[in-house]
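Written below as C-alpha cells is the structure these notes are about.
The chains referred to below are lettered A, B, ... by the order of the sequence lines, with proteins before strands, and numbering in each begins at 1.
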Amino acid sequence: MSDRRIPEVHPVDTLNLLHTEKLIFEQGAPGRSGASLPPLDVPAIDPASLFGSMARTEAPLLPEVSEVEVTRHFTRLSRWNYAIDIGLYPLGSCTMKYNPKVNERTARMPGFAGVHPMQLESTMQGALELMWRLEQCLIELTGFQRVTLQPAAGAHGELCGIMMVRAYHTARGKSPKKVLIPDSAHGTNPATCAANGLEVVGLKTGADGIIDLESVKAAIAAHPNDIAGIMITNPSTLGLFEEHLGEIADLVHEAGGLVYMDGANFNALLGKVRPGASGVDVMHINLHKTFTTPHGGGGPGSGVVGVGERLVPFLPTPIVEPLADGGEGYRLDYDRPQSIGRMRSFFGNFGMFVRAYTYMRELGGEGLTKATEMAVLNANYVRALLSDVYSLAYDKPSMHEVVFTDKRLKKETGVQTLDVAKRLIDFGYHPPTIYFPLPAVTGGAGALMIEPTETEAPETLEHFCAAMRAIAVEAIADPSIAKSAPLNTAMRRLDETKAARNPKLRWTPTT
Amino acid sequence: MSDRRIPEVHPVDTLNLLHTEKLIFEQGAPGRSGASLPPLDVPAIDPASLFGSMARTEAPLLPEVSEVEVTRHFTRLSRWNYAIDIGLYPLGSCTMKYNPKVNERTARMPGFAGVHPMQLESTMQGALELMWRLEQCLIELTGFQRVTLQPAAGAHGELCGIMMVRAYHTARGKSPKKVLIPDSAHGTNPATCAANGLEVVGLKTGADGIIDLESVKAAIAAHPNDIAGIMITNPSTLGLFEEHLGEIADLVHEAGGLVYMDGANFNALLGKVRPGASGVDVMHINLHKTFTTPHGGGGPGSGVVGVGERLVPFLPTPIVEPLADGGEGYRLDYDRPQSIGRMRSFFGNFGMFVRAYTYMRELGGEGLTKATEMAVLNANYVRALLSDVYSLAYDKPSMHEVVFTDKRLKKETGVQTLDVAKRLIDFGYHPPTIYFPLPAVTGGAGALMIEPTETEAPETLEHFCAAMRAIAVEAIADPSIAKSAPLNTAMRRLDETKAARNPKLRWTPTT
Amino acid sequence: MRYIPHTEDDVARMLRVVGKPSVASLFDHIPERLRAKRPLDIAPLDEARLLAHLGELGAKSRPAVGVTEREGAALSFLGAGLTSHHVPTAVDMMLMRSEWYTSYTPYQPEVSQGTLTAIFEFQTMVSELYGLGLANASMYDGATAAAEALMMAERLTGKHKSLLSYALHPHYTDTIYTYLRSQHGHEAEGYAPCVSFGKDGRVDQGQLSAALSAGDVGCVVVQSPNFFGVVEDVAAIAKLAHDAGALLVVANAEPLAFGVLQSPGAVGADIAVGEGIGLAIPPSLGGPGVGLFAARPEYVRQLPGRLVGETTDKDGRRGYVLTLATREQHIRREKATSNICTNQGLIALAFTIHMSLLGRRGFTELARINLSLSEHAKSVLTKVPGVSLAFTGATFNEFTLALPRNAFDVVKALAERGIYAGVSSRAAGLYRAETPPSTGGTKLVAPDDRWLTLAVTERHDRSTIDRLAAALTEVLR
Amino acid sequence: MRYIPHTEDDVARMLRVVGKPSVASLFDHIPERLRAKRPLDIAPLDEARLLAHLGELGAKSRPAVGVTEREGAALSFLGAGLTSHHVPTAVDMMLMRSEWYTSYTPYQPEVSQGTLTAIFEFQTMVSELYGLGLANASMYDGATAAAEALMMAERLTGKHKSLLSYALHPHYTDTIYTYLRSQHGHEAEGYAPCVSFGKDGRVDQGQLSAALSAGDVGCVVVQSPNFFGVVEDVAAIAKLAHDAGALLVVANAEPLAFGVLQSPGAVGADIAVGEGIGLAIPPSLGGPGVGLFAARPEYVRQLPGRLVGETTDKDGRRGYVLTLATREQHIRREKATSNICTNQGLIALAFTIHMSLLGRRGFTELARINLSLSEHAKSVLTKVPGVSLAFTGATFNEFTLALPRNAFDVVKALAERGIYAGVSSRAAGLYRAETPPSTGGTKLVAPDDRWLTLAVTERHDRSTIDRLAAALTEVLR
Ligand SMILES: Cc1ncc(COP(=O)(O)O)c(C=O)c1O
Ligand SMILES: Cc1ncc(COP(=O)(O)O)c(C=O)c1O
C-alpha cells in the first residue's frame, strides 16, 4: 500500500452526525493500544519458563486502538440506539419506565461498588443491611414471608421459584410433574418448567382474555395427583387482571399444587394487591422493570423471589439475617438444610439492589402506589386514544398495558403489525412489543403490546397516539410507505432471515 | 381545548432518532415539577410578612416539567451537537484534542469538588497543594518564575497579563500607551489592550507569514518612549513559528516595553521552547486547549498566566505559597502590595486545575513532548495530503496547524470557504475555523484553519482529507451541492442575518 | 500513550509523506536561542497510580459538601458569595454526556443546535430571574460580571464615576478596582468610592444621595441580598440613582433569593449581575462558576459577552445561532464591548438543567424553605448567650451575627469540631481593616471583627441548626 | 413526584377521556379478596436525604477496592472467583451514556445497532480469549454458565453423568448441583461426582481416567486456573475426556490468564465458560457480573442464550440482528435450550470496552504484570516463617499458601490491620468439611483449613506485597 493513503469517502455514510461505523477490530493499527499500565517493579517472568507448552504463543486478536478511538467508537455506536432517555419506549411487558439518575449515583458509592463478596461479613455490614432493608420493602409490597435476592433476572427467578416448588413436593415425598400454564404466558414460563423436568399443561385463555375457572378445573381433573402447581402471570401479558386468581389458587391448592405468580407486571399492583396475602405461594419480581434498575441493553436485571411460609425452608442459600444474639448487625445464613442450594455465585446482582432500594425509598409507599395508579391510567388513556383505529385484543379493563391487534388494519390496507412497528420508528418512537402474547396473535393477527408506564406525561402519549393514528391513515392512502419503513433512519429494515440462514456470529480478520 | 388531544405529527420531524425539539419552556404543564425537596421541619415563613412590598408576588416563568422530561430534553438536545468524542474537530487555534475521561473523575473527587473557597486554609490543604504542584508543572514547561492560576479563560489571562505590564510601567513612573500587535492576532489581543486603555499599533505580517523585524523596528521608531509592549502569538494563528521572537524581544525590551506572548498555541511547543527563558515576560496558556480541560460548549476554561522575574510583584492576589516557617503545607498570600489586585472572586477555575494537573501527571515530560511532536506531525501530514487541492496560505513549515485559502477553488468553481465548511458536515466532520486569521483572508479569500492535534490517528486524518478532496472534486462537477450544504442534517443552513436583523434573544410565552 | 495513537510505523510512514527525515526535523526552523535546553522533568503516572495520587491530595482537604458526614464532609454554613445548594444527580449525569462537554463555542450552528438551544434557554431563565428582558450567554463569574456591568454603564452614560456599596462582596469590589485600575491607573479607587451601610445593614441612603448630588455619577453598584445577607431597598436606591442620571447595577450572589424577593429588574435595576455556581455544581473551591448578566433590552449593543438568537434554517425550521457578534472582539477587535471569548458554557448548562428541574414551583418552594430555615436559625442562634443579630434589616438565607468575641477565632474553634460556621468579614481576602477602599470623603463603618456571616439552606434542618447552636454555646463559654 | 409527571389537571382530563370517575375506579374490577388491606408503609425521602441515607449505609462497609486507602479501602488480595482489576475510567464514563443503559434487548435492529454491534464485538472477544469459534451474548455469571454448559453437554452427548473437578470454585459446584437437582431430584450429586486434586493442586488424572472408564460420562468440568489458582493440564484432561467419549467444559474465573496461557479451545476444550466481572466493573459484592460462554461452532444449535449475527439492510449495508432465536424460550418455549432471557448486557459492554482499551498488546502485558507480581509475592510470602506453598503446580495471579495455623483466624487478624489477605477455602459459603460433594466412590482431599488463597495483580506492587508479608509475619508470630 502506498504511504499516502486517501480512502474513498461518501457523504451518505453519515446521516445527521451518525457515522457508518467500522467494527472496533477493523480500526486502529498494529501495536496501538489504549492501555495505561503500571511499571513493573519486580522481576519480569517469562510465561514460557513457567508454563512450558501451556504458555500462549500468539496474543488473542483484540483490537489495536487508542483510548480516543475506543471512546469515539462506543460513543458513536451508542447513538444508533433508541433509549428511554430519548423518548417513550412502549415495549409491552418490559416496563420501560424512567431510570432515576440518583440510582446510578448510589450504586457507585464506594461503600457499595467497592465491596468484594469474599470480605469478612463484619466488613460488609452496610451491604448486608441494604439487602435486609430491600427485602423488608419487598415483603411490605408483596405480603410474602421472605424474599431471596439471588436470581439474576426474571427467568432465573422463575427457575428458582419452580425449584422450590419441586423441593417442597419432594420433601413431602411427592413428585407431581404437571404445571398449568396459560397460553398468554411469557416463553420463559414453559422453558422454566422444562428446565426443571416438569411438564406443561396448557390453559387456553377464555373469550374474555383471562383464565377461566372451568379450564383450570378440567386441567386438574385430567391430571389427578400430578399437579405440581400453576404459573400465572398477573396482570397477564394481555394487560388484564386475572380476576379468578383467588379461586384458581384454591383449586390448585386443593389439588396439592402450589401457585407461582410471574410478577413481571407487578408495576400494575403496587399498593393495590399483595400476592403473598392472596393465595400466591411464590412470585418473582423483575427489579429491572417495576423498580427502575436500568435495562442495560438487555441486562443485568434482578429477579428476586418472594415466598410464603410453606416455601421458606427451601430458599436458596445464603440469606441475610439479623445477628442472632440481638447484637446490631447482619449475617449470612448458610445453614439451611432444606435449601435448594445456590442459584449462582455470590449473592445476586447487588448493584441492582442498591438502585431498587434507592428508588423505593425515594417514592415511599404513597409514591409507589401513585406509580401504579398512573401506569394504569396511562395504559387506559392510550387505549381510549387508539381503540377506534386499532382493534382491541380483549375488551376487559386494562391494567398497566393494552394489547391491540392489526385485524382491521391488515384487512383494510394490507399493512401489518411489523410495518406499523417499523413506521413508528420514522415518527421517533421505539415500537411496542409485537406478535406477543400468543392469544392475541391467533388467526394470523399481529399484536401490538403497549406499556406506557407512569413516567410518561399525557402529552407524550398524545403525540405517540397521533403517530399511531397517522400511520393508520397513511396506510389507507399508500400502504407501501409503512411496508418499506423505516425511511428516516441510517439503517433500513434488516434481513433477519439472511442472518439465520448463514450465521456469521463473530468477526474474523480478512487476510 | 378538548380533553382528547391529538396533536399533528410528521415523520419528517425526526431524522434518524433525532427529534425536532421544543424549548423546555414549551413543554410540560402548569404545576408540574422535577424537584425533590426536603420537608420543612421548622415553621414556614411567609415572605410577605418579612419583605412587605419587596416580596415577589408572581413566580418567575421557569419550566414546568418532570425529571423525565428534563432528562429527555437535554439528552435529545445534546445529540444535535458535534463533539470531540464523535470525531475529528479540527477547529484551528482551539486545540480540540481528546479530553481524557480520568480528568472527569479526579475533578469530581469529594476532596476537590466539595471544598468551599471560604473554608479555613488549614482545611483545604489538598486544594492548595494541587494548585502549587500545578504551578510547578507550568513553570517547568514554560520557564517562567511564577504562574497565576486566577484568570478564567485566555482572554482573561490576557487582561491580567497586560494589567501587569501596565502596573510595571506605572511602578517605574511611566505610562507608555502603545502595544504592537500583528494583524494575525486573535481578536482578544486588541480588545484586551482597549480594555486596558492602551492603543494598538498594528504590525503587518510579512510576505512569509511571520512578523518581520523591520516592521517592528519601524513601529518602535514611530512611537518613541511610548511602547508599553508587544503581544505576539507564537506559533502564530497561521500555524507558523515566529522565528524572530528573540530579536523582537530584544528590540521591544530596548524600547522599554515588555513582551506578552499569547500562548493559546502552546501545544506546539511542549518540551521544545520555554518562552520564559526566551525573552518573553508574560504569557497566558489556555488550560482548555493544551492541557485537555474540556471546552464545555464554550467554557469554562482557564487562562493561567506565567511571568518572568520583572512581573512577579504585580501578580494578582492571592497566590499559593509553601508555609513560611518550613512547616509542611501551603498558605494563601494576600500581602502583595504591588499586586494588580484580584481578577475575580475566589481562586480561579479550580475544577480545571484538577483536570490539567491530572493530564500533565499522566503524560509526564516525555509524553507531553511527544504530544507536541505528534501534533506538529499531524498538521504537516494534513498539509501534505491537501496542498495540491487547497491553496496554502503561506509556505513556511507548519507547526500545530495549517492554514489554507479557497483562492483556487473559488476561482475555478465559485465554491468558497463557507460552502466547504458546510459540506464537510455532510461528510461527518466539524468544519475547521474559517475566515480567520486576517492575513489569510486578504483579497476576499476565505481561510480554512485546520488544527488536527496529536490525539488523531493518521487514518482519521486520511479520511478527513479524503472528504476535503472529494468536496473539491465535487465542486468542479457541480458547485451547487456545496453551496446548499449541509444536506444530510436535520437542520439546514441557518439564516444568521435574520437573527441579527430582528434579534429574538429569549423565549416569551405566547398567550 | 493511550491518548496518542501514533505507532512507530505510523510515524515513519507519515514522515515519508511529509518529506521529512525525522520528527526532530519538524522543529529545525526554531532558532537555537529559543530552543529548550533540557528535556522536561515531570514524572508520568499510570491511571491507577494517578488516581491514587490525586485521591491522596483530595484527602488532605476536608470538604464542606459531601453526601454524608461519614464520608468526611464538615457541617457547613459557609456562604459569602457561594451558597451551595443540593444539585440533583440528574444535572451532573447530563453534564457527563460528551456532546456537551467535548464540544466548543457553537460557531457552526448546523452541528451545534444542542448548545445553542440550551444557551437560549439559559438566557431566558436569567432574564426571568433578574426581571430584565435581556441576558447574555454567561460571564466568568459574579465579580467579573459586576466589573463588566460597571464598564458597560460607563459606556452608556459616558460618565466615569461610579459608587459602590460597601456591603458589596469584597471580591467583587476588589475585582472592580482591578479592572478600573487598568483604565484609570492607581487613582482608580477615586473613580468608584464606596458608600457605607447603616445599622440595618443596608446602603446608607443619606450618604448615597449626597454622593450622587454632583450629578457626575454614571452608575451605582449595590448587592442584594448584600454581603451581610441583608436585602437592600433596591427600589429606593434605583430612584435615587435614576434621579441623579445614574444607572443602577444590582449584583447578586444568590439568585434563589428571587424566589421570594422582587427581581432587581422589577424594582428598577438597569443591569443585574450574579453568580450561579451554588445552583449549578459543587463548590469546587469557587470555580468554575457562572457569571449571570442581564440588562434592559435597549442596551443590547453595549452588552458584553455572547448572545444566542432565534432564526430559521433554509427549510424554515426554527433554529438558533450566535448573533450580534459585531459587539464582540473577534469582529470588533479593539472596539469590542469586552474582550471575553470563552465563557462558562458548561456551568451555564448545569444552571439551566437545575432550573428546569426545580421549575417554577420548585424554585419558589426551595426559596421558601431556605427563608424559613434561616429565620429559624436566627431565632435559635440569637438565644446563645452573648450572640445577637448584627443588623436589623431583613435577610434571605444568609445573615450576620454579632458574636461576643473575635469571629475568626470562633470559626477556627468550630472547624475543629467539624463545623464550618460561616465567615468572619475580616477573614483573609475579605475586608481589610488597614486599607479601606476609597471613601470619596464619606465615613465607612468598618466591618466588626466579631461579625460572623452564615448561610442556612435546605441542606440544614432543625437538628443541624441545633448542633451549631450547641457547639457555638460551648465555644463561647 | 419528579418521576411522575401527572398534575391534578392532567389526571382529571385523562379520566374524562377514559370515561372513569376516579383513579380508584380503574381498579374496581379487582375482587375484594385480592385487594391490599392497608396502604404501604414505606417512608419517602427527598434526594439529599436519600443520598445521605445510602451514604451512611455504604459507610458501614469497608470496601476492598477504592481509589486510595485514605478513602477507606482496605489493601485487598481477595480473588476466589472475583479478581478485581483496575478498570479505566473511560469504561464507566461510557456506561453512563443513557443510550446504553436505558435501552433494552435489541429486538428492533433498526434502532438498536449500537447494542447489537457491541454484542457482536463481545462475542468475538470471548471467542478469541477462549479460543473457540462461537460465543454468546452473555450468561448471568460464571457459575450459571458452568451449569448451562453441563446441561448443553448432556444434550449433545445424550449422557446424563458428568464429572466435576473438586478444584472447581465451590459456588460453581453448588450452582451446578442446584440445577442438576431440578432435573434429577435429590440424587443429583450422584450424577456429577467430583474428582480430587493432587499435591500439585491439579485434577488427579488417575482418578479421572478411572471415573471415565465406564464410558457413561458425558462431560468433564474443570476450572483453569482452578479455585486454588493452579493451572490445569487442560490438554491432558481433554485427551482423557475425549477418549472416553466425553466433552470437556473448562470453567474460568479469570480470563486475563489467557494473556499468558494457551486458550482452553486451543488445548482441547469443547465448551469454555467464565466470569468477566473483574475486568469490567468494580466488585459490587460480586454482582452484576457477566457470564462468558464459548463453544465449538458446530454446537451452535444447542447453545443457550442470545446470539447476534451479521446481515444487511434493505440497501445492502452491513448490520447486526439477534439471530438463531429458534433456540430460545420466546420462540421455542418448553423446547428451548435454556430459559434465559435478560442477560448481563451492560456488563458485557463494559468488558468489551475494557478489552478494546487494553487491546492485543495491553492485554498480554497486563497478564505478564500479574504473573510477575504474583511470582514475586510467592517468593516473598514463603519467606515468612511457617508459610509455604500449598501446591507445586504453576499458577497465574492467584495461589494458595499453607499457613502454620487456621487461615480464617489469620484473615480476621489481618482484616483488623486493614488488609484483606485472601480467602480460606473453609470460609463460609465455600468448601464444607461436613458435607463433601458426592465422591462417586473416589477419595477426595479435604481442603485444609490452613490454606489461604490470594490474588496478586497490577493493583499491587513490591511495597504492598511487603506490607502483607510484614503483617502476616506479625500475626503469625
Ligand atoms: C411476563 C414475563 N415473564 C418473565 C420474563 C423474563 O424476565 P427476564 O427477562 O428478566 O428474565 C419477562 C421478560 O420480559 C416477562 O415479560
Ligand atoms: C490565539 C488565541 N488567543 C486568545 C484566545 C482567547 O482564549 P479564550 O477563548 O480562552 O478566552 C484564543 C481563543 O480561541 C486564541 O485562539
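With chain C as the partner, the residue from Asn99(B), Leu363(B), Thr489(B) showing the most heavy-atom pairs under 4.5 Å is Leu363(B).
Using a 30° and 60° split on the angle between ring planes, His295(B) and Tyr104(C) fall in the perpendicular class, above 60°.
No donor-acceptor contact under 3.5 angstrom links the side chains of Thr312(C) and Asp495(B), judged on distance only. Judged by distance alone, the side chains of Asn339(C) and Thr192(B) do bring a donor and an acceptor atom under 3.5 Å apart. For the residue pair His171(C) and Arg342(B), a side-chain donor N or O sits within less than 3.5 Å of a side-chain acceptor on the partner.
In this structure, the separation between OH on Tyr82(B) and OG1 on Thr102(C) is 9.5 Å, given to the nearest 0.5 Å.
Evaluated for a side chain to side chain contact (heavy atoms under 4.5 Å, CB included) with Arg492(B), the options Glu110(C), Arg317(C), Lys314(C) yield exactly one hit, Lys314(C). Tested against Leu505(B), the residues Thr124(C), Val308(C), Leu324(C) include a single side chain to side chain contact (heavy atoms under 4.5 Å, CB included) partner, Leu324(C).
For the pair Arg79(B) and Glu99(C), the salt-bridge criterion is not met [side-chain N within less than 4.0 Å of a carboxylate O]. Note on Arg506(B) versus Glu121(C): no salt bridge recorded, every NZ/NE/NH1/NH2 to OD/OE distance being 4.0 Å or above.
Remark: Arg108(B) engages Glu104(B), Asp92(C) in a side chain to side chain donor-acceptor pair (under 3.5 Å) (not counting sequence neighbours). The side chain to side chain donor-acceptor pair (under 3.5 Å) search around Ser284(C) returns none, not counting sequence neighbours.
The contact between Phe51(B) and chain C is made entirely by side chain atoms (from C-beta outward), counting heavy-atom distances below 4.5 Å.
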